[in-house]
Amino acid sequence: MNGTPEGTPERTVRVVIVDDHAIFRSGLKADLDARIDVVGEAGTVDQAIAVIAEARPEVVLLDVHLPGGLGGGGREVISGSATLLGSTSFLALSVSDAAEDVVAVIRAGARGYVTKTISGAEISDAVMRVADGDAVFSPRLAGFVLDAFGTAPADIADDELDRLSARELEVMRLIARGYSYKEVAKELFISIKTVETHVSAVLRKLQLSSRHELTKWAAERRLL
Amino acid sequence: MTTALQRPPLVRSSDRMIAGVCAGLADHLGWPVKYVRLGMVLASFAGGAGVAFYAWLWTMVPTADESARRNARRPASPIAPAVSLPAPVVREAPRGPLPLGPLPDGGAPPFAVPAPAVAAWFRTRRIQYGKEILLGAGLLLVAAILIARQFGVDVPLGTLIPAAAILGGAAIAWMQLDETRRAGLVDKTKADQAGGWVRLAAGLALVVAGVLVMVSGSGSWEQTWLALLASVAVLGGVALVLLPWGLKFWKDLETERAGRVRETERAEIAAHLHDSVLQTLALIQRRAGSEQDVVRLARAQERELRIWLYRDAAKDAGLLADRIKAAAAEVEDTHGHAVDVVTVGDAAMTERHEALVQAAREAMLNAARHGGGTVSVYLESSDAGSEIFIKDRGPGFDPDAVPEDRLGVRESIIGRMKRHGGTAVIASSPDGTEVRLGLKAADTAEARIGEEKP
């Protein structure tokens, strides 16, 4: 969603769609473009883990809210497929605005988060990007990150994981403002690859940071 | 009586020396507080009538808060006409001090009310005045007994006083029940509860004491003690037997109440879904032909549902982020263009923030009108200030080439921000246009000085 297609048109990516609404699954399948090869579908946590283990897709489009399993939703699917994390990437899809839902799947290992309202072409781009090992941030996720890490740049004394660097903050701000990766690169006079590096670094911090605010903030949001 | 109705209602004032009685009375009668207080003190020397009258008003007149709560249920304050006249009468007929606690007054107030008025109350407000009338009748009785004693008639005080104590205690305890019921058993504050317990205990003590004195008859201390011990033992035994049953009853009540709350919540959700989602779905089915209408309906419904689901009840409404979201929703509704809002941080609204919201709204309108695709809005607020970015993906335009008469950009965005000490930058390229609005916190310096004071 945040840029133009990266992969060459010939390349196809094998994808499993996990969502509990059959209508949404079929709609999404119809919307995705030719680069995407849907090799499996699942509607519950247990189904999803089984299908993913069998089909071994490159990317899983994963709804955050799923029935079944222990009630953990998308997070449980990712932890259930932990052995495949090296070869399979997860892209979270959600209608939920609740930060803790999104952050929970990101921290479980998802490579990005997009809202369900974006177009099929944008989702296809995001899938390609995730398949290439990059992270996909929607403006809203960038907003969550800025909210959690604060908008002040890191001091040198701070733990590296607990703060965003000045450059990462700039990138996050631009993404929150609706810039595509390409536009971010142009605005900051850096290459798209560098933007991707920054975004991946932010994703890593979001996943690994034990930052007090991150947990506290998620806990607060849970009270909504 | 007719003039009394136009007066401010008689309530105990919050501007108080003791209980706000004098101030409230002065307010009600339109007299200076000083004179009312002086009169009250003077009347106190006339055999304690002032004190008694004060105590009577203290118990019978509600505070402003209570009165407001009552008026929420019925329009006119009944107390006001009832006690608007007694003050002068007390001075006319001061009485000697009375022996008994629960009946402190000399019976003055009931005398003061003209008979037709009493009849009128009975016709209109029979139930509400029951308490006052009963108290008045009791006081009249006491006064009659006292007068009778002075004339030498032998009154069996040994029987009458305990009986009065029992009646008074029971009345106090029942008053409590009545008030609890009035409060609906639900919205009791802790203070109310504490007051209730005290009242209940006082009532119980009075009744027990009265019964003991009456039963023991003689009033000798040894016998009374024994009887007291025995009655406490009996009471304890009864409590022990009834406690499990009472607890179970209480628990059942709680469960039932919780169930009812859940049921109410479910009904509320169902009602909300019916009014919103189902209506929208029906509309969408009827307008399935028009893609733009369907999208607009779906977006509006989605937004409304999100607000309802994820709304933070604890958060103050009307802060900057909410206002920006509201403006975005308005633009989305009028132009059918998706407007995505991302907010980080929040700020309280001031006049300057109002200008910021208006400028942002104008920028969103422009973006929806001239730009293509989704409009992205990003708000970042911190102690240092607030920034808003409005980005569209339209063909762009040259800000310098905007004609002078186009007030939208020049006046509503740039001019407005400048007038309020903010900044507005418009960056446009063929890929889209971005309006950047900034507003530095003006009062940071002042706030810091203010903090150093204490």
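Treat the numbers as computed from the prediction; the structure is a model and nothing was measured. All values below were derived from every heavy atom in this structure, side-chain atoms included, with hydrogens, water molecules and symmetry-related copies excluded. Chain naming here is simple, since letters A, B, ... match the order of the sequence lines and numbering starts at 1 in each.
The backbone N or O of B/Glu380 lies less than 3.5 Å from no partner atom in the side chain of A/Arg173, so there is not a single donor-acceptor pair.
Dense packing is recorded around CD of B/Glu254, with more than 12 heavy atoms of other residues, nucleotides or ligands lying under 6.0 Å away. More than 12 heavy-atom neighbours from other residues, nucleotides or ligands sit within 6.0 angstrom of NE2 on B/His272.
In terms of heavy-atom proximity, A/Arg177 sits nearest to B/Ser376 at O-CB, 3.4 Å. When every heavy atom of A/Asp147 is checked against every heavy atom of B/Thr343, the shortest pair comes out as OD2-O, 4.3 Å.
Using a 4.5 Å cut-off between heavy atoms, B/Val375 does not touch chain A at all.
Ion pair A/Glu187/B/Arg436 flagged as a salt bridge, since at least one NZ, NE, NH1 or NH2 atom sits closer than 4.0 Å to an Asp/Glu carboxylate oxygen. A salt bridge between A/Glu183 and B/Arg393 is present, with a side-chain N of the basic residue lying under 4.0 Å from a carboxylate O of the acidic one.
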Requested in this report: Take B/Phe389 and A/Leu174, measure what side chain to side chain contact (heavy atoms under 4.5 Å, CB included) needs, and give me the verdict at the end.
Outcome: CA-CA 10 Å; B/Phe389 303 87; A/Leu174 286 171; over 6 Å; no
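Of the listed residues B/Val342, B/Ile390, B/Val377, the one with more heavy-atom pairs under 4.5 angstrom with chain A than any other is B/Val342.
Looking at A/Ile175 and B/Tyr378, their side chains never come closer than 4.5 Å, going by heavy atoms from C-beta outward.
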